[in-house]
Amino acid sequence: MRWSRTFIPTLRDDPADAVAPSHRLLVRGGFIRQLMAGSYSLLPLGMRVAQKVSSIIREEMDAIGGQEFLAPVVHPAEVWKRTGRWDDVEGIMVKFEDRKGADLVLALTHEEVFAHLATEMSSYRELPQLWYHLQTKFRDEARPRSGLLRVREFVMKDSYSFDLDESGLDVQFEAHRGAYDRIFGRMGLDAVQVEASSGNMGGSDSVEFVVRSPTGEDRVALCGVCGYAANLERAVSTLDEIVDEDWQGPPARFPTPGVRTIAALAGLGEFASAERQIKTLVYMVGDRMHLVAVRGDHELEVQKLADAVTDGVRPATAGEIFAALGAHPGSLGAVGVDLPVIADPALRGRSNMVTGANEDDFHLRGVDVERDIDVGRWLDLRSVEDGEACGRCFGGTLSLSTVIEVGHIFKLGLKYSRALGAEVLDESGRPTPLVMGSYGIGVGRSMAAIVEARHDAKGIVWPVSVAPFAIVVTLLRPDRSAVRRVGERLYHDLSAAGMDVILDDRNERPGVKFADAELVGIPYRLTVGPRGVDTGRVELRARDNSVDESVEFDGAVARMVELIP
């Protein structure tokens with residue numbers, strides 16, 4: 001291809017609304033353009049990168065036995081209602097009606113559709129199966145931001161495995177784990193596997209693949225000793241033991257006028273320090289109000305609560321809270337309350353604690369958790385913090401990192417197959433629901449994650465595997481026939497050797513061409529100028545500065561074959 005005939009609208013300045021490096025550079029480099037919030041067009045360079053990312057994904061999926069499909073983007077509501085997700089994902093799911101009044105939905109994922117397709121199987125002899133596609137998804141994100149990192153419309157590779165039993169699912173899960181490692185490695189990403197929540201996908205187990213980045217929206221806990229890694233939605237740690245002072249008698253009520261926060265209460269004295277407080281939160285679990293208790297210096301990880309209950313959770317409203325407890329947040333407690341209580345184990349066995357009295361401007365001290373609070377369920381609910389002891393090896397220390405999620409694999413089990421009637425006859429002739437797995441990678445997010453990991457002050461530094469072009473042949477003074485003749489020959493020889501090359505034949509100053517090549521991130525630049533034509537040499541420079549040399553024109557193609565096998 002020729003730069004002069006290719007639509008590459010590079011920009012000199014950063015877009016005003018872009019903060020994340022990938023957002024800035026993909027716009028400036030002419031890869032993407034925003035149509036509306038969370039919706040981007042891929043321009044020719046963006047399409048070339050996306051196609052290469054997709055090709056890597058396809059190759060690795062095919063290598064583990066995947067068969068490619070293409071399922072529709074618009075789904076009938078019926079399949080989503082049968083699995084219970086019609087209401088579970090309210091807010092991000094776009095629902096509408098066709099001209100006949102039938103309820104439809106824009107695909108935000110495809111578990112239902114592939115489980116429906118699987119109903120055509122009838123015998124265990126047809127298993128295992130692994131199906132995948134690369135298809136558009138639409139999720140009505142409340143706050144799309146950071147370019148391709150969080151969008152509303154995107155292309156995702158989602159694959160679905162079907163087996164007769166859990167052992168078969170384990171095999172397919174591990175096959176995907178290995179395939180994802182290879183996919184991200186080929187993209188130049190150092191992806192880390194972490195334990196994760198399955199969220200509204202359901203199932204027994206899930207693993208996220210994440211890339212460390214200061215622009216990420218997720219946080220993970222990592223142990224440098226045993227290798228334990230988990231999203232904060234699943235992470236556990238070990239806490240130092242706290243020895244409580246004795247308190248004689250029942251809890252004592254005391255005035256706390258205007259005190260509504262943990263910090264304000266702690267300011268009253270050591271007896272009310274944050275680690276000696278019980279923080280009481282109010283959540284609706286299904287249609288029933290629950291009190292959720294954690295230590296005052298700890299934060300509730302809401303997803304842990306949601307994962308532990310089956311009826312869905314939401315924070316109670318201020319009106320619901322006051323109607324049930326007679327007080328406002330900041331004065332709430334679980335002592336003597338006839339509501340179900342869920343508590344974090346960090347409170348187990350604690351005594352001489354301080355909590356709200358369920359009366360504004362009053363608290364209780366001397367609370368013995370085991371004696372005074374009727375805890376119905378003890379659940380790990382707290383967010384781990386940086387520097388806490390690892391809960392896996394008990395010898396390491398956890399460090400928290402901000403990350404970008406680039407892939408997620410789930411053991412779904414029977415949730416979708418049972419709901420949609422996807423079953424086969426086993427060896428005994430008995431109907432058996434299919435055991436499913438679900439596995440996703442976002443193409444656009446992968447592109448953005450690569451840029452987040454591989455950029456400098458000049459622009460993007462693509463790895464050859466996904467770069468829009470591997471080589472740019474830059475002509476200095478293309479108006480001179482000798483320069484153009486040598487450059488054209490080099491361009492054709494590289495193309496004939498199977499190289500992905502673009503010829504920068506524009507009538508622009510050298511500085512403009514060099515800056516554009518660096519901004520766009522093409523891995524290798526071969527510069528042909530009048531002086532080099534006279535001496536029979538071209539200048540070779542790698543975008544990552546690993547190569548900077550002069551090579552003979554006749555040996556340039558061979559040298560590039562060495563660098564790009």
Side-chain angles (χ1 to χ4, degrees), residues 1-14 25-26 28-31 43-46 48-49 52 451 454-565:
M1 296 184 71
R2 299 170 185 274
W3 203 302
S4 62
R5 300 179 188 173
T6 307
F7 183 62
I8 309 176
T10 58
L11 304 174
R12 298 276 75 86
D13 299 318
D14 290 336
L25 295 174
L26 288 172
R28 282 190 57 206
F31 292 83
L43 308 188
L45 292 188
R48 292 182 70 88
V49 175
K52 292 184 177 184
V451 177
R454 301 173 65 99
H455 70 275
D456 59 21
K458 297 178 180 179
I460 303 168
V461 187
W462 293 112
V464 171
S465 60
V466 298
F469 298 96
I471 307 165
V472 56
V473 176
T474 301
L475 304 186
L476 307 185
R477 297 299 305 271
D479 56 318
R480 295 194 179 184
S481 59
V483 170
R484 181 171 287 276
R485 183 174 63 253
V486 170
E488 293 274 1
R489 179 184 163 192
L490 182 57
Y491 167 69
H492 286 295
D493 288 349
L494 288 165
S495 298
M499 298 289 178
D500 202 0
V501 57
I502 186 170
L503 178 68
D504 191 349
D505 57 344
R506 295 175 294 165
N507 289 313
E508 292 281 2
R509 292 179 290 106
V512 171
K513 293 186 174 186
F514 293 158
D516 279 347
E518 290 170 333
L519 173 62
V520 167
I522 299 174
Y524 294 99
R525 185 180 76 225
L526 287 166
T527 303
V528 179
R531 185 179 304 173
V533 169
D534 292 340
T535 60
R537 305 185 75 83
V538 296
E539 300 303 316
L540 167 61
R541 185 175 181 84
R543 178 64 181 84
D544 64 3
N545 299 317
S546 61
V547 178
D548 187 1
E549 60 193 41
S550 175
V551 298
E552 292 185 0
F553 175 77
D554 290 338
V557 174
R559 177 61 174 140
M560 295 314 303
V561 171
E562 289 177 2
L563 293 170
I564 310 174

Apply the test salt bridge (Lys or Arg N to Asp or Glu O under 4.0 Å) to residues E488 and R485: give CA-CA distance (whole Å), side-chain angles for both, the deciding distance (0.1 Å), then the verdict. CA-CA 5 Å; E488 293 274 1; R485 183 174 63 253; over 6 Å; no

Output, in order, the C-alpha distance, side-chain angles, deciding distance and verdict of side-chain contact (heavy atoms from CB on, under 4.5 Å) for R48 and D500. CA-CA 11 Å; R48 292 182 70 88; D500 202 0; 2.7 Å; yes

Determine, step by step, whether D493 and M499 satisfy the side-chain contact (heavy atoms from CB on, under 4.5 Å) criterion, reporting the C-alpha distance in whole Å, the side-chain angles of both residues, the deciding distance to 0.1 Å, and the verdict. CA-CA 9 Å; D493 288 349; M499 298 289 178; over 6 Å; no

Between T10 and I8, is the side-chain contact (heavy atoms from CB on, under 4.5 Å) condition met? List the steps. CA-CA 6 Å; T10 58; I8 309 176; 3.9 Å; yes

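Here the closest non-hydrogen pair linking I522 and V472 is CG2-N, 3.6 Å. Here the shortest heavy-atom pairing between V483 and L476 reads CG1-O, 3.2 Å. Between P523 and A467 the shortest heavy-atom distance is CD-CB, 3.5 Å. Between L45 and P468, the shortest heavy-atom distance links the atoms CD2-CB, 3.8 Å. The two residues G29 and V520 make their nearest non-hydrogen contact at O-CG2, 3.8 Å. Scanning all heavy atoms of the two residues, the minimum distance from A517 to R525 falls at CB-CD, 4.5 Å.
No more than 12 heavy atoms of other residues, nucleotides or ligands lie within 6.0 Å of CZ in R509, so this atom counts as exposed by the packing criterion. Around the CZ atom of R531, the shell of radius 6.0 Å holds no more than 12 heavy atoms that belong to other residues, nucleotides or ligands. When the shell of 6.0 Å around CD of E549 is examined, it contains more than 12 heavy atoms from other residues, nucleotides or ligands.
Of the possible donor and acceptor atoms, one in the side chain of Y491 sits under 3.5 Å from a partner among the backbone N and O of M1. When atom types are taken as modelled, the side chain of R28 and the backbone of L11 share a donor-acceptor pair closer than 3.5 angstrom. Without hydrogens or angle criteria, R454 side chain to I460 main chain gives no donor-acceptor distance under 3.5 Å. Although no hydrogens or angles enter the test, the distance criterion places no donor-acceptor pair under 3.5 Å between the side chain of R506 and the main chain of S4.
The side-chain heavy atoms of D505 and V473, taken from C-beta on, include no pair separated by under 4.5 Å. Residues R543 and D456 have side chains in contact (heavy-atom distance under 4.5 Å, counting atoms from C-beta outward). Residues K513 and W3 are not in side-chain contact: their nearest non-hydrogen atoms beyond the backbone lie 4.5 Å or more apart. A heavy-atom distance below 4.5 Å is found between the side chains of P478 and N507. With a 4.5 Å cut-off on side-chain heavy atoms, T527 and F514 count as touching.
None of L475, L494, T474 except one satisfies the side-chain contact (heavy atoms from CB on, under 4.5 Å) rule with L526; the exception is L494.
Here the straight-line distance linking atom CZ of R559 with atom CG of L540 works out to 6.5 Å at 0.5 Å rounding. A distance of 8.0 Å separates CG of L503 from NE2 of H492, quoted to the nearest 0.5 Å. Atom CD1 of residue I564 and atom OH of residue Y524 lie 5.5 Å apart, to the nearest 0.5 angstrom. Taking OG of S546 as the start and CZ of R541 as the end, the distance is 9.5 Å to the nearest 0.5 Å.
Between W462 and F31, the distance separating the two ring centers is shorter than 6.0 angstrom.
A salt bridge links D516 with R12: the distance from a Lys NZ or Arg NE/NH1/NH2 to an Asp or Glu carboxylate oxygen falls below 4.0 Å.
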